[in-house]
Amino acid sequence: MAGFQSLPGFRDFYPEDFSRRQHIFRVWRQTASAFGFQEYDAPVLEPLELYKTKSGDEIEAQLFSFKDKGDREVSLRPEMTPTVCRMVGAKAGALKRPIKWFSIAEFYRYERAQKGRLRAFHQFNADIFGEAGPEAEIELIALLVQCLAGFGLTKDDFYVRLSDRDLWFFYLEALGFNEEQSRALLTAVDRFEKMGDDAFKGYAEAHGALPADQKDKVLAFLKVKGLAELEATLAPFKSDKLSARLTDWRKVLAGLAAMGLGDFVCVDLAVVRGLAYYTGFVFEAFDRKGDLRALAGGGRYNDLVKKLGGPDLPAVGFAIGDVTTGLLLEQRGLAPAHVTAPDVYVVIGGEAERKAAFADIHALRAAGFKAEYPFRELAFGKQFKAASESGAKLALIYGGDELAKGIVKVRNLTDRTEHEVPKNQVIAAVRDSLSGD
RNA sequence: GCGGUCAUAGCUCAGUUGGUUAGAGCACAAGAUUGUGAUUCUUGGGGUCGCGGGUUCGAAUCCCGUUGACCGCCCCA
């Protein structure tokens with residue numbers, strides 16, 4: 001027990017853990033594929049500069065970064081977005097639009113590990129490039145919902161909060177704030193849910209105290225919880241920008257409602273999402289109970305591909321994490337049982353019978369059946385016990401008596417019936433017995 | 001990076017004011033059972049009590065340090 005252990009925030013995946021992880025990946029992959037997204041992958045190690053360019057120099061504190069032996073500044077990837085922007089940007093001219101891509105990959109962040117937040121974790125990333133309209137948001141939010149609903153989670157388990165950074169900027173502009181003030185206010189909005197009034201301290205220090213009537217308007221906007229309320233709040237403002245945004249909002253909500261997903265999505269302008277390269281809609285998925293970290297997050301980032309050296313290409317994307325998703329599935333009893341049961345367990349009389357059994361065991365496996373047998377000679381009683389414990393549906397009995405008659409006994413371990421089949425028809429007999437149920 | 005709680009077998013835990021060789025249940029393995037699965041019984045493997053140091057005749061127990069997990073702060077792409 002002493003000796004080595006895994007690094008803090010890193011996990012070992014024992015077979016049982018691995019099968020839970022695979023189940024999560026399988027649902028994500030199937031769902032993305034049904035939505036017409038194509039899978040890609042990319043290097044785990046990237047130039048450090050890629051992340052600094054996207055997020056600023058401060059980001060290095062949260063990275064697994066180092067100098068390689070060629071003196072290059074590199075970092076394990078903390079997220080997929082810059083990488084996929086680089087990839088798409090490099091070939092944007094040759095890719096058919098809209099570009100719908102997804103990936104399932106491991107990421108690394110040098111942070112203090114807590115429940116639901118580790119240093120190494122997996123994310124499902126889905127992005128749409130080349131579509132400036134809200135149709136891309138509809139597609140992605142629908143995908144996000146289905147990526148969680150695919151596990152059996154319902155509208156009572158999770159929901160998606162939809163907000164809009166552009167709408168906030170246009171609204172604050174209409175209230176008379178300049179861009180710098182607006183950014184400071186959005187930081188306050190982001191923290192308001194957690195800190196309450198103290199969230200505005202930072203703004204007051206930089207730009208002076210916020211007049212009471214202005215603050216009321218900001219708080220009122222932050223508390224908007226529906227489209228009708230949003231429209232009413234914005235009605236007094238004669239702004240083309242605001243009315244254009246409202247048109248997009250109606251499209252997104254109407255589209256999702258038409259897909260039957262209205263109950264999964266709510267308007268919630270309190271969401272603005274932290275470090276902001278987002279340029280329009282932003283959204284986050286949470287469990288309804290609210291005792292877990294965010295399940296997923298994403299939004300539009302129209303400027304990023306260009307910022308990273310590519311063409312001017314609009315983009316929207318989101319990521320779902322495996323850690324929080326796994327915790328939620330566990331809580332709701334939706335984590336699948338770890339199943340290792342073979343299709344058939346072969347009971348072998350003794351050394352003499354072993355060779356005859358081996359021929360059929362291998363033929364069964366080559367035909368795609370999961371076949372198990374005991375490595376060592378065991379009493380029949382033991383073997384039947386082992387067969388039963390293995391979870392196999394069938395036992396094939398290769399005893400001296402049977403082989404002398406040129407047959408094999410097939411025992412149904414569920415109803416405990418037995419029948420004999422000619423040895424040269426074992427595979428067909430197994431296929432028949434298994435297709436029965 | 002800062003504060004708090006915790007750490008005994010693979011898992012869940014017990015372990016008295018510091019006192020002999022640290023225990024239980026579950027799990028795992030063998031046997032009772034050499035041609036049919038249950039139950040039961042017996043037996044076994046597995047611990048330098050997270051790690052290092054200190055106090056003491058004696059430490060799982062007290063003290064200091066350290067590592068890790070969890071909780072809160074910062075951050076959350």
Side-chain angles (χ1 to χ4, degrees), chain A residues 1-12 14-16 46 50-56 58-63 75-85 107-119 121 123 125 127 187 190-191 194-195 198 202 271-278 282 284 291-299 301 304 307-308 317-319 321 323-324 327 345 347-351 353 376-404 409-418:
Chain A
M1 186 158 124
F4 296 108
Q5 51 183 313
S6 63
L7 259 13
F10 284 73
R11 292 169 288 176
D12 290 326
Y14 284 86
E16 210 169 316
E46 289 274 19
L50 180 64
Y51 303 113
K52 284 190 175 175
T53 302
K54 185 206 164 211
S55 307
E58 322 80 60
I59 197 70
E60 193 173 353
Q62 330 267 342
L63 298 179
S75 173
L76 290 174
R77 61 186 175 197
E79 58 167 327
M80 195 56 109
T81 307
T83 300
V84 71
C85 284
F107 300 95
Y108 311 87
R109 295 180 186 177
Y110 200 88
E111 295 180 296
R112 185 71 145 203
Q114 281 180 33
K115 190 176 187 180
R117 183 218 252 182
L118 301 172
R119 286 184 169 183
F121 54 93
Q123 278 188 345
N125 273 262
D127 296 88
T187 303
D190 188 36
R191 293 181 181 167
K194 208 178 228 176
M195 301 169 59
D198 286 349
V271 177
V272 292
R273 292 190 66 73
L275 260 147
Y277 57 97
Y278 288 113
V282 290
E284 292 188 327
D291 45 24
L292 293 174
R293 292 169 180 282
L295 291 159
Y301 50 98
L304 195 56
K307 188 176 179 184
L308 294 173
F318 72 86
V323 182
T324 314
L327 288 171
Y345 189 97
V347 172
I348 302 170
E351 275 315 307
E353 292 78 25
R376 267 173 256 261
E377 231 178 300
L378 280 180
F380 270 72
K382 286 271 181 221
Q383 296 194 58
F384 281 105
K385 189 176 178 191
S388 166
E389 283 173 355
S390 77
K393 300 172 201 76
L394 298 177
L396 299 182
I397 302 155
Y398 287 74
D401 301 347
E402 286 83 1
L403 291 179
K409 250 187 219 163
V410 178
R411 181 177 177 84
N412 183 317
L413 290 166
T414 313
D415 60 23
R416 304 190 173 206
T417 57
E418 279 180 1

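Naming: A, B, ... by sequence-line order, numbering from 1 per chain. Computed from heavy atoms alone, side chains included, the values below leave out hydrogens, waters and symmetry copies.
- At the heavy-atom level, Glu418(A) lies under 4.0 Å from base atoms of the strands shown.
- Among the nucleotides rG37(B), rG35(B), rC75(B), the one closest to the side chain of Lys385(A) is rG37(B).
- The aromatic rings of Tyr108(A) and Phe10(A) lie parallel to each other, with less than 30° between the two planes, well short of the 60° mark.
- Base pairing of rA29(B): its partner is rU43(B), meeting the Watson-Crick or G-U wobble criterion (both donor-acceptor distances under 3.5 Å).
- Side-chain N/O atoms of Arg112(A) include none lying less than 4.0 angstrom from OP1 or OP2 on rC71(B).
- Residue Gln383(A) places none of its side-chain N or O atoms closer than 4.0 Å to OP1 or OP2 of rG37(B).
- On a pure distance criterion of 3.5 Å, a polar donor-acceptor pair joins the side chain of Glu402(A) and the base of rG35(B).
- For rU61(B) and rA9(B), the P atoms lie 15 Å apart once the distance is rounded to whole Å.
- If you check the side chains of Glu46(A) and Thr83(A), you find a donor sitting under 3.5 Å from an acceptor.
- In this structure, Tyr110(A) and Arg416(A) both approach RNA chain B, and ranking their closest nucleotides by distance from the 5' end singles out Tyr110(A).
- Nearest nucleotide to the side chain of Ile397(A), out of rC76(B), rG35(B), rU34(B): rG35(B).
- Side-chain proximity of Phe384(A) to rC76(B), rA77(B), rU36(B): nearest is rU36(B).
- Nucleotides rG10(B) and rC57(B) place their C1' atoms 37 Å apart, quoted to the nearest Å.
- For the pair Leu378(A) CG and rG35(B) C1', the interatomic distance rounds to 13 Å; values are reported in whole Å.
- Nucleotide rA59(B): unpaired (no Watson-Crick or G-U wobble partner with both distances less than 3.5 Å).
- You'll find that the side chain of Arg117(A) is closest to rC74(B), out of rA77(B), rG37(B), rC74(B).
- Looking at heavy-atom distances under 4.0 Å, Lys409(A) makes contact with a base.
- Proximity note for Ser388(A) (side chain, C-beta onward) versus rG37(B), rC74(B), rA77(B): the nearest is rG37(B).
- A close approach under 4.0 Å does occur between a side-chain nitrogen or oxygen of Lys382(A) and OP1 or OP2 of rG31(B).
- rC73(B) is paired with rG1(B) under the Watson-Crick or G-U wobble criterion, all donor-acceptor distances under 3.5 Å.
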